[in-house]
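Encoded as structure tokens, the structure appears first; notes follow it.
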Protein chains: 2
Amino acid sequence: MAKEILLNAFNMNCVGHINHGLWTHPRDRSSDYNRLDYWTSLAATLERGLFDGLFLADIVGVYDVYQQSVDLTLRESIQLPVNDPLMLVSAMAAVTKGLGFGVTVNVNAEEPYIFARRLSTLDHLTDGRIGWNIVTGYLDSAARAVGQAALGEHDTRYDRADECLDLLYALWEGSWDEDAVRRDRAARIYADPARVRKIRHEGTYFKAEGYHLSEPSRQRTPVLYQAGTSGRGRQFASRHAECVFISSPDTLVARTASRAIRQGAVEAGREAEDVRVFAGITVVVDRTEKAAREKFEDYARHASTEAGLAHFSAGTGIDFSQYDLDEAIAYGKGNFVQTSVDLARERGWTKRNILSGMPLGGRYPLIVGDPSQVADALETWIVEGEVDGFNLARTVVPESYEDFIDFVIPVLQERGRYKTAYGAGSLRNRLFGQGDRLPDRHPVGSFRRGNQAAE
Amino acid sequence: MAKEILLNAFNMNCVGHINHGLWTHPRDRSSDYNRLDYWTSLAATLERGLFDGLFLADIVGVYDVYQQSVDLTLRESIQLPVNDPLMLVSAMAAVTKGLGFGVTVNVNAEEPYIFARRLSTLDHLTDGRIGWNIVTGYLDSAARAVGQAALGEHDTRYDRADECLDLLYALWEGSWDEDAVRRDRAARIYADPARVRKIRHEGTYFKAEGYHLSEPSRQRTPVLYQAGTSGRGRQFASRHAECVFISSPDTLVARTASRAIRQGAVEAGREAEDVRVFAGITVVVDRTEKAAREKFEDYARHASTEAGLAHFSAGTGIDFSQYDLDEAIAYGKGNFVQTSVDLARERGWTKRNILSGMPLGGRYPLIVGDPSQVADALETWIVEGEVDGFNLARTVVPESYEDFIDFVIPVLQERGRYKTAYGAGSLRNRLFGQGDRLPDRHPVGSFRRGNQAAE
């Protein structure tokens with residue numbers, strides 16, 4: 001039987017996310033991102049399309065590499081302004097039953113003890129539909145904003161994140177036993193003190209001593225997403241991540257990345273099937289190929305390739321405004337190394353070919369076609385790219401999600417490539433089919449009772 | 001014309017809040033606090049009652065003073081487990097139009113740059129209905145949980161909070177001009193870079209340099225709540241607070257507190273009418289006095305005065321378990337000094353008289369009676385206590401809110417003491433009637449453009 005394709009809507013609590021400039025399209029509603037009904041209606045739409053999750057990106061800091069300024073960033077709203085994604089979840093959870101939420105939070109911008117409770121609260125309120133996309137931050141502007149002179153060394157940031165996760169796992173998995181909560185009115189025992197214990201952590205970066213403030217939620221540890229593609233980031237993902245998000249220009253690169261990720265998990269004592277790989281992708285679809293092409297041309301007239309370039313400048317640390325169109329670009333500092341960048345470096349690289357690769361202002365692989373053509377392309381990514389699913393970037397919203405649901409999903413369902421109803425249980429169980437909790441072979445296992453000295 | 005009474009529902013994202021032990025009552029639903037529909041239906045109920053706000057308390061840390069243990073705290077769920085209150089807001093905002101949300105967040109547990117965005121996001125999503133109850137923390141257990149050896153000195157905590165607010169004000173009020181956001185599709189200008197500027201802060205406790213990540217929300221600065229009653233806390237409130245929450249045993253103490261608060265605001269360069277004072281109160285009401293008395297007796301049989309005592313131990317730092325019933329209690333360390341405690345100290349104090357003052361397991365003034373009797377008592381508090389309104393503690397939920405709405409509100413409305421519809425605008429405008437933003441005479445004024453050097 002064909003493997004079912006997993007699907008996240010890729011979005012962000014801001015105007016311009018991946019495909020830049022499309023906020024100027026007359027039908028685009030992304031500048032309503034400050035209205036609750038924009039999000040609750042999006043959630044209802046995604047649930048209609050049986051999306052596994054809404055993946056919410058985030059950035060703390062601003063894009064100020066291109067032209068060494070935020071001017072274009074503000075004019076084209078390139079992820080600025082940007083609001084807190086966590087604040088959206090409960091409203092969307094209240095209008096859905098099956099949709100998961102993968103929310104990006106920078107592990108270096110949160111106090112772990114408080115943050116542990118924050119995600120436990122969301123896991124409770126969503127009844128086990130919360131995921132966390134772990135990022136460590138890559139912008140100097142973010143470091144300055146929170147009072148650090150400059151961004152910590154890349155590897156150090158991951159060391160700190162590793163230790164932070166250990167502390168979080170201890171709180172999520174080790175503080176309350178399964179049977180700690182009794183809710184026994186007659187006996188006047190809400191929780192049994194013998195089954196709740198203090199966590200004590202003293203490491204290089206963190207020191208903490210306390211009870212986890214939340215009782216156990218359905219998943220305890222949220223589904224863990226990660227997108228690091230550097231050596232150290234890949235190592236971090238191998239240890240922790242359940243869902244890995246990749247940005248690959250083609251299926252060949254995707255396959256290489258996907259295999260490396262699964263191999264890394266195995267080397268970290270986990271199983272290849274413990275990880276789901278999602279490729280970022282943009283789709284423009286309509287009833288016919290001709291209609292899809294026309295829609296694409298219409299979108300392209302509103303897109304801003306310059307805004308896409310400015311976004312890419314921030315991601316690579318290279319100010320592309322300093323280059324002529326056909327000048328060779330030297331690969332510079334850039335600590336947010338995408339696989340596609342590595343590839344481009346080998347090929348030789350000019351601003352002209354970067355720009356030509358993002359007609360809608362975004363650098364993700366773009367599929368334009370009728371429903372069958374799109375479904376074919378997605379199947380190719382799954383089979384040849386060896387990925388499990390997609391993070392579907394938005395173009396003009398909400399119509400790009402609606403088009404995908406109305407045109408593509410039915411074809412995938414006919415081909416046995418997409419579910420026809422949500423599965424049971426938590427987000428984790430729907431993704432992996434092995435229950436609501438992480439398996440013991442994941443690092444969380446060592447923080448569970450019996451494996452640790454109790455107080 | 002009689003002054004209209006302001007009304008907040010007082011609640012917390014936990015089981016036992018103020019009136020302890022009532023979770024064991026067969027009709028009580030507080031142990032459903034982890035379900036979203038518990039909160040959305042509460043919000044709808046409060047909106048039906050035209051409550052000005054839902055005031056959500058919070059605590060980071062646990063109550064471990066009584067018997068030097070958390071055992072009773074866990075058994076009676078005395079604010080443990082306790083979940084993040086911020087995560088509840090968007091779901092409740094989505095089902096209401098007029099209800100405000102006053103959410104407690106410990107200023108010393110958040111990174112200011114990130115926190116500024118978090119509250120701006122909620123002000124956007126609620127369209128100007130967000131308030132922030134500023135606390136500085138009083139529990140050693142909280143300090144240890146976040147890796148601090150012990151709680152900072154009381155006055156130092158307020159100094160740090162003062163500086164934090166200056167930084168937050170700069171971000172909320174000073175980074176984006178009123179007309180910065182254009183959303184001009186034709187001109188391709190979402191925001192005008194000339195009208196957005198970096199904030200630079202370098203102080204004793206914080207250093208930050210960056211643009212506020214959120215565009216201006218309706219209120220910009222959320223409505224500021226505070227409950228500090230110590231000398232330094234009162235000074236802090238005088239400078240910043242718009243709504244002050246007091247816990248007074250009687251109207252005489254309330255009047256003294258209320259006058260001191262307004263006087264403090266005037267001395268800080270504000271006006272007496274810039275502050276609204278809310279008294280904590282518990283009400284048990286029914287159609288007749290007899291029915292109300294019976295309801296009270298029924299509730300009292302399920303309440304836990306010992307749990308109330310344990311809560312009070314944490315608040316005062318005194319382990320009351322070490323005292324005999326009639327032994328004189330020496331007033332000890334206790335850095336969370338309630339006005340009522342000061343008063344009691346002068347009187348001489350035993351465990352017996354503390355216990356007798358909280359038949360429902362909570363120390364707030366208790367009003368039991370028919371609708372007219374309750375309305376009379378509330379009017380007395382307003383007139384003699386010189387307070388503006390109440391934080392209504394819950395007993396058995398949701399019926400205690402429903403009873404108040406069904407029995408008391410209509411009587412207050414008949415007497416011209418309660419609104420019959422929500423006013424227009426933001427939470428701030430409904431409370432003060434002077435627009436959505438803080439007046440310039442508040443400290444925020446100095447962070448507004450024109451009063452500060454622009455970049």
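The chains referred to below are lettered A, B, ... by the order of the sequence lines, with proteins before strands, and numbering in each begins at 1.
- For A:Asp32, no part lies near chain B; criterion is any non-hydrogen pair under 4.5 Å.
- When each of B:Arg183, B:Met87, B:Arg188 is scored by its heavy-atom pairs under 4.5 Å with chain A, the top score falls to B:Arg188.
- Contact annotation for B:Glu215: both backbone and side-chain heavy atoms come within less than 4.5 Å of a heavy atom of chain A.
- Neither the backbone nor the side chain of A:Asp127 comes within contact range of chain B; no heavy atom of the residue lies under 4.5 Å from a heavy atom of that chain.
- With chain A as the partner, the residue from B:Glu76, B:Met92, B:Arg185, B:Glu209 showing the most heavy-atom pairs under 4.5 Å is B:Arg185.
- Listed options B:Gly210, B:Pro85, B:Ala91 were ranked by heavy-atom pairs under 4.5 angstrom with chain A; first place goes to B:Ala91.
- Looking at A:Pro26, only its backbone comes within 4.5 Å of chain B, counting heavy atoms on both sides.
- Contact of B:Leu88 with chain A is made through backbone and side chain together, with heavy-atom distances under 4.5 Å.
- Between B:Ala43 and B:Thr96, the closest heavy-atom pair is O-CG2, 3.6 Å.
- The residue among A:Trp23, A:Phe206, A:Tyr113 with the most heavy atom pairs within less than 4.5 Å of chain B is A:Trp23.
- Put simply, the side chain of A:Glu306 reaches to within 4.5 Å of the side chain of A:Tyr66, judged on heavy atoms.
- Of the two parts of A:Ser304, the backbone and the side chain both hold a non-hydrogen atom closer than 4.5 Å to a non-hydrogen atom of chain B.
- Put simply, the side chain of A:Trp39 gets close to the backbone of A:Tyr33: a donor and an acceptor are under 3.5 Å apart.
- For B:Glu111 (side chain) and B:Ile114 (main-chain N/O), a donor-acceptor pair under 3.5 Å exists by modelled atom type.
- In terms of heavy-atom pairs under 4.5 Å with chain A, the best-connected choice from B:Asn13, B:Asp184, B:Leu74 is B:Leu74.
- Comment: A:Arg160 does not engage A:Glu110 in a salt bridge, judged by the lack of any side-chain N to carboxylate O separation of less than 4.0 angstrom.
- For chain A, the option among B:Val89, B:Asp192, B:Val60 with the highest count of heavy-atom pairs below 4.5 Å is B:Val60.
- Heavy atoms of A:His25 lying under 4.5 Å from chain B belong exclusively to its backbone.
- Between A:Arg220 and A:Asp123 there is no salt bridge, since no side-chain nitrogen of the basic residue lies less than 4.0 Å from a carboxylate oxygen of the acidic one.
- Each of A:Ile78, A:Val15, A:Thr305 was checked for a side chain to side chain contact (heavy atoms under 4.5 Å, CB included) with A:His20, and the lone residue meeting it is A:Ile78.
- Contact detail for A:Ala116 and A:Leu168: the closest heavy-atom pair is CB-CD2, 3.6 Å.
- Annotation for B:Val196 and B:Ala180: closest pair CG2-CB, 3.9 Å, computed over non-hydrogen atoms.
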